[in-house]
2 protein chains.
Amino acid sequence: MLIAPREHAIVGACLERARRNAKVTQQELARRLGKPQSFISSYETGQRRVDVLEMILILHALNIDARLIFDEIYLHFPRTP
Amino acid sequence: MLIAPREHAIVGACLERARRNAKVTQQELARRLGKPQSFISSYETGQRRVDVLEMILILHALNIDARLIFDEIYLHFPRTP
DNA sequence: CAGGGATATCGGATTTTTCAATATCGGATT
DNA sequence: AATCCGATATTGAAAAATCCGATATCCCTG
């Protein structure tokens, strides 16, 4: 593991916020992705990591441009550049 | 697994291109990240997935803005929006 | 075409992920 | 403020992915 679990919670929180803004439940998002509801819960709570392609897929299922959320996550981690 | 292994090769290829552009070897990047060289190889060849935070960390070790590479990956997957 | 630096692969131990079942939360309604 | 109930979190054991040192292979350069 290259990254502490705690930091993944930030990714989960961004994805949760995006889902809630889209007014979609975990159940409904899970259905759209063909996964169980616990799948959504586990990454939103930072229990599970989200890989790059999954993020694109998840946000697509919410009709959100993944680049916007990636920027948001990126800016949470104060590093250069 | 939400995503086919084949698609992860695209992510790996983008990260490899970024590394080569930066004129850094797998060994050197591995050293910067505190990981073995086989770690770099495994994701560049699509054997392993790259999570969102890892991608930021990897590209930071190369002094590259992860948002640029994310855009590149994003555009490889023809979906709306 | 040989040498050597760079990258890929192997294999078994370890860690993470998975998913159905179940528990808990939270807020709306009366 | 107690109940209901839809939404979310947690559990646990099986399955899958990852880890990493050792080693093989690639491929560039002289």
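Labels below follow one simple rule: chain letters A, B, ... track the order of the sequence lines, proteins then strands, and each chain is numbered from 1. Since this is a predicted model, take the numbers as computed values, not measurements.
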*Consider only side-chain N and O atoms of B/Gln37 and B/Gln27, and report whether a donor and an acceptor are under 3.5 Å apart.*
no

_Partner nucleotide of D/dA13 by Watson-Crick or wobble geometry (both distances under 3.5 Å)_ = C/dT18

*Which one is paired to D/dG6, where only Watson-Crick or G-U wobble pairs with both distances under 3.5 angstrom count?*
C/dC25

_same_hphob_cluster(B/Phe77, B/Met55) at 4.5 Å side-chain heavy-atom cutoff_ = yes

What is the distance, to the nearest angstrom, from the [atom1] atom on [X] to the [atom2] atom on [N]?
X	N	atom1	atom2	answer
A/Lys35	D/dA16	NZ	P	12 Å
A/Leu33	C/dC19	CG	P	12 Å
A/Gln47	D/dT11	CD	P	9 Å
B/His8	D/dA17	NE2	C1'	11 Å

_Summary of protein contacts for nucleotides 3-8 of chain C, nucleotide by nucleotide, where a base hit scores B, a sugar-phosphate-only hit scores S (4.0 Å, heavy atoms)_ = ---SBB

*Along nucleotides 24-30 of chain D, 5' to 3', which nucleotides get a B, which get an S, and which get a -, given that the test is a protein heavy-atom distance under 4.0 Å?*
-------

*Any side-chain heavy atom of B/Arg17 within less than 4.5 Å of one from B/Cys14?*
yes

*Are A/Glu44 and A/Arg19 within salt-bridge range, i.e. N to O under 4.0 Å?*
yes

